Amino acid sequence: MTIVDLITQEAGGERRRILMAACVAGATSMFVLIGANVVASAPKLSGLPAAGLFALVVVGHYLSAKYVYYRTATVVESALHRIKISIVDKLEKADIQGVERIGTAEIYDGITENLSVVSNYGPLISAFLQAALILAFAVLYIAWISLPTFIAVTFLLTIGYVTYRGRAKELERYLQRLGDARVAFFEKLTDLLKGFKEVKLSRRRGRDICTDIERSSEVLRGFNLKSGEMNSDNFIFASSNLYALLGVIVLVIPQHIDVESSALVSIVAAILFLWGPMTVLITGAPAYIRSNVALSRARTLEEKLDKAIQETRIALDVEDAWKGGFGAIAGRGIEFEYVSDDGDGAFRIGPLDVDIAEGEIVFIVGGNGSGKSTALKVLTGLYPPTGGELLVGGIRVDSSNVAAYREKISAIYSDFHLFAKLYGLLDVDPAAVHRLIAQMDLQQKTSFENKGFTNRNLSTGQRKRLAMIVALLEDRPICVFDEWAADQDPEFRAYFYEEILPALKQRGKTVIAVTHDDRFFHCADRVITMEYGRIRSVERA
Ligand SMILES: Nc1ncnc2c1ncn2[C@@H]1O[C@H](COP(=O)(O)OP(=O)(O)OP(=O)(O)O)[C@@H](O)[C@H]1O
């Protein structure tokens with residue numbers, strides 16, 4: 001899809017009006033030229049009526065050109081708004097693995113950088129359209145004055161166009177590579193910002209990553225320079241073309257064909273008049289290609305998200321199959337394997353056979369990298385099993401009902417995120433939040449206002465307590481905690497195992513918690529030990 005297609009689609013019924021206004025803007029420009037030429041060659045025509053007509057044409061040009069620019073900009077912006085909303089909508093529908101595969105850098109680049117290129121250059125299309133129309137009118141005017149000059153003009157314009165077409169493809173390729181280089185640059189920059197503390201502790205690390213970023217920036221510089229060079233080459237070639245055209249008209253044509261000197265003056269005036277629109281076309285062409293490439297990159301992101309949605313085909317608005325209680329969670333030969341980027345074998349878990357009864361507290365324990373968090377994500381329906389099946393209350397969890405199953409779960413994963421507002425709980429009773437803030441001993445640190453916590457800049461353990469408040473407010477039948485207690489002080493650690501978990505059990509909740517706290521294993525009904533992605537043992541606590 002090109003920017004023209006985008007505007008045409010979005011403008012709908014208005015596109016004819018915009019095109020008509022562009023024609024009026026182009027035609028009025030030409031009237032100015034013709035009028036000036038006619039009056040200059042016949043001064044007796046000047047006077048108040050001619051001045052009035054001239055002023056009318058100028059006003060007509062002003063109004064129509066303004067309308068075209070304003071409407072095109074509006075149409076482009078509303079199309080971009082739609083694309084943004086559509087990407088965000090697809091992001092919401094896509095599943096975790098698909099989004100992880102695309103990566104945040106590409107998503108940011110698609111939705112910010114590329115769309116702002118279209119926003120900046122898109123409205124120029126109106127100037128481009130007017131310039132093309134003025135060019136067409138001027139060429140017709142030249143044909144009317146002198147046919148041989150028209151042929152010479154058309155010939156040189158054709159050469160210019162053919163050269164531009166050849167270079168446009170090359171420029172397009174460069175811009176695509178420039179986009180890839182920009183994503184790589186963003187990834188490295190994100191790495192630097194996320195690891196800022198580590199960088200501050202090691203100048204050598206800082207230098208290494210900055211060298212890598214510099215290299216990336218160098219690649220970007222090369223691509224930018226090359227595309228700029230191609231633009232200016234085009235510009236220089238086109239202006240030289242116009243100079244050559246002037247030379248042909250003034251020096252060559254009169255030697256071979258009879259052209260009146262007044263006609264020659266009019267033609268020269270027309271060629272000079274063409275200079276402005278030609279400049280717009282020459283400088284606008286790379287902007288046009290740039291916005292087309294940016295648009296295609298945003299579209300590619302949409303397609304990748306569509307693919308991610310297609311792959312999982314998760315039905316979002318489904319009837320809740322577990323309305324009357326969900327029963328036991330059972331894994332039957334469950335397997336899961338990460339997708340490997342380099343083709344080497346990725347980490348896999350399973351086959352796992354596991355049964356978790358409703359209302360039970362189960363701990364998952366095991367060494368680092370044994371697959372506890374991965375198993376948790378499969379058991380909570382975040383990662384679809386690549387083998388075996390997950391049964392909840394006897395019902396097989398698959399793409400048709402997993403969305404409903406996820407709604408049963410309150411989870412605090414180890415890489416949890418605290419949102420600025422309590423999204424999903426915006427209608428919560430503030431008194432309940434304040435009570436829980438006090439229960440988590442955070443009343444000195446934060447409060448609840450405007451549907452969000454007033455302060456989220458807390459220690460990791462305190463932030464986890466805020467996440468616990470959210471989980472408790474959600475009040476869902478299954479609670480999942482991934483090493484929640486690991487960052488708590490001894491009192492709160494004990495409070496978690498000896499107060500919070502029993503209270504949840506008493507309320508009939510099923511609790512699955514990943515932990516390393518062997519001192520508190522007795523607080524679980526059963527302890528599942530994992531090793532190398534498999535279950536080593538299941539013991540009653
Ligand atoms: N997003 C991912 N993509 C690919 N592989 C991953 C990903 N996350 C984890 N892994 C792989 O899965 C393995 C198990 O990770 P997991 O987080 O499940 O272990 P864990 O038992 O929870 O470890 P820990 O106790 O250290 O938290 C890791 O060693 C890693 O190889």
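Just follow the structure's listing: the first ligand is 1, and inside any ligand the first atom is 1. Source: prediction; values computed, not measured.
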**Asked** For Asn457, does its backbone N or O pair with a side-chain atom of Asn455 as donor and acceptor, under 3.5 Å?
**Response** yes
**Item:** Contact check, Lys377 vs ligand 1, heavy-atom distance below 4.0 Å
**Value:** no
**Asked** How close does the nearest protein non-hydrogen atom get to atom 17 (O) of ligand 1, and which residue and atom is it?
**Response** Ser373 CB, 3.5 Å
**Request:** List the closest protein heavy-atom neighbour of atom 18 (O) of ligand 1: residue, atom name, distance to the nearest 0.1 Å.
**Result:** Thr374 OG1, 2.4 Å
**Message:** Quick check on Ser414 - does any of its heavy atoms sit under 4.0 Å from an atom of ligand 1?
**Reply:** no
**Prompt:** Do the charged groups of Arg332 and Asp355 touch, with an N to O distance under 4.0 Å?
**Reply:** yes
**Request:** Please write down residue, atom name and distance for the protein heavy atom closest to atom 23 (O) of ligand 1.
**Result:** Gly369 N, 2.9 Å
**Item:** Sub-6.0 Å ring centroid separation between Phe416 and Tyr413
**Value:** no
**Request:** Please state whether Ser370 comes within less than 4.0 angstrom of ligand 1, counting heavy atoms only.
**Result:** yes
**Asked** At a 4.0 Å cut-off, with the gap strictly under it, does some heavy atom of Ala346 reach an atom of ligand 1?
**Response** no
**Asked** Just by distance, with hydrogens left out, do Gln488 and Arg465 show a side-chain donor and acceptor under 3.5 Å apart?
**Response** yes
**Message:** Check this for me: does any side-chain nitrogen of one of Arg396 and Glu389 sit under 4.0 Å from a carboxylate oxygen of the other?
**Reply:** yes
**Message:** Any carboxylate oxygen within less than 4.0 angstrom of a Lys/Arg side-chain nitrogen, looking at Glu302 and Arg299?
**Reply:** yes
**Request:** Identify the protein heavy atom lying closest to atom 3 (N) of ligand 1, giving its residue, its atom name and the separation to 0.1 Å.
**Result:** Tyr338 CD2, 3.3 Å
**Prompt:** Going by an N to O cut-off under 4.0 Å, is there a salt bridge joining Arg101 and Glu311?
**Reply:** yes
**Request:** Taking the six-membered ring of Tyr174 (Phe, Tyr or Trp), confirm whether the NZ or CZ of Arg177 is under 6.0 Å from its centre and within 45° of its axis.
**Result:** yes
**Prompt:** Does Asn292 use its side chain to pair, donor to acceptor, with the backbone of Met1 at less than 3.5 Å?
**Reply:** no
**Asked** Among all protein non-hydrogen atoms, which one is nearest to atom 26 (O) of ligand 1, and what is the separation to 0.1 Å?
**Response** Asn368 ND2, 3.1 Å
**Prompt:** Of all the atoms in ligand 1, which lie at a distance below 4.0 Å from a heavy atom belonging to Gly367?
**Reply:** 21 (O)
**Message:** Less than 4.0 angstrom from a charged side-chain N to a carboxylate O is my criterion; do Arg348 and Glu335 meet it?
**Reply:** yes
**Message:** Heavy atom to atom 27 (O) of ligand 1, shortest distance: which of Arg348, Gln97, Glu100, Glu483 holds it?
**Reply:** Glu483
**Prompt:** Of all the non-hydrogen atoms in the protein, which one sits nearest to atom 25 (O) of ligand 1, and at what distance?
**Reply:** Lys372 NZ, 2.7 Å
**Request:** Please work out which of Tyr383, Tyr532, Tyr413, Phe347 has its closest non-hydrogen atom nearest to atom 13 (C) of ligand 1.
**Result:** Phe347
**Asked** Any N or O on Gly366 sitting closer than 3.5 Å to an N or O of ligand 1?
**Response** no
**Prompt:** With backbone taken as N, CA, C and O and side chain as the heavy atoms from C-beta onward, which portion of His516 lies under 4.0 Å from ligand 1: side chain, backbone, both, or neither?
**Reply:** side chain
